[in-house]
Amino acid sequence: MEVSRGDIVEVVGGPFKNEKGKITRVDESREEVTIELLEAAIPIPITVGMASIRVLEKAEDEKNE
């Protein structure tokens with residue numbers, strides 16, 4: 001799966017299932033991403049496996065390419 005910083009994703013597994021977030025860091029070697037939950041009162045960074053997310057919206061800069 002190809003993901004990048006700024007993408008909006010939905011968590012599809014684990015304790016944060018159905019939560020939406022914005023990718024802040026991608027670790028391709030460990031196949032993990034760090035996201036900040038969008039619906040939290042304060043930004044909460046969580047790290048989840050790439051297999052546990054689904055991309056909802058690509059980052060703006062990639063749309064223009």
Side-chain angles (χ1 to χ4, degrees):
M1 178 186 333
E2 195 162 315
V3 296
S4 58
R5 279 185 69 183
D7 289 356
I8 304 298
V9 297
E10 178 181 15
V11 181
V12 295
F16 295 99
K17 187 174 183 176
N18 297 326
E19 293 286 337
K20 293 178 180 67
K22 184 176 186 177
I23 296 178
T24 57
R25 186 175 65 88
V26 178
D27 186 343
E28 292 182 11
S29 64
R30 299 175 92 184
E31 295 187 2
E32 293 179 336
V33 293
T34 300
I35 64 173
E36 285 188 351
L37 299 178
L38 295 176
E39 294 157 3
I42 57 171
I44 301 173
I46 61 167
T47 301
V48 295
M50 286 187 190
S52 298
I53 61 169
R54 175 173 56 116
V55 177
L56 298 176
E57 191 176 310
K58 294 300 281 178
E60 282 297 319
D61 57 341
E62 288 190 3
K63 286 182 183 177
N64 297 330
E65 290 180 0

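In this structure, NZ on K58 lies 4.0 Å from CG on D7, to the nearest 0.5 angstrom. Atom CD of residue E32 and atom OG of residue S52 lie 9.5 Å apart, to the nearest 0.5 angstrom. Atoms NZ and CD, on K20 and E57 in that order, are 11.5 Å from each other to the nearest 0.5 Å.
Contacts of E19 classified as salt bridge (Lys or Arg N to Asp or Glu O under 4.0 Å), with partners at least two apart in sequence or in another chain: none. For the side chain to side chain contact (heavy atoms under 4.5 Å, CB included) test, residues two or more places apart in sequence or in another chain that qualify with I46 are F16, I35, L37, I44, V48. For V12, the side chain to side chain contact (heavy atoms under 4.5 Å, CB included) test picks out R54, with sequence neighbours left out.
The shortest heavy-atom contact between R5 and T24 is NE-O, 3.1 Å. The two residues E10 and L56 come nearest to each other via the heavy atoms CB-CD1, 3.8 Å. In terms of heavy-atom proximity, A59 sits nearest to G6 at CB-C, 3.9 Å.
Each side chain to side chain donor-acceptor pair (under 3.5 Å) pair with one or both residues in residues 36-50, not counting sequence neighbours, appears once here: T34-T47.
For the pair V3 and I23, the minimum side-chain heavy-atom distance is below 4.5 Å.
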Do V9 and V33 pass the side-chain contact (heavy atoms from CB on, under 4.5 Å) test, and can you show the C-alpha distance, the side-chain angles, and the key distance before you say yes or no?
-> CA-CA 10 Å; V9 297; V33 293; 5.8 Å; no
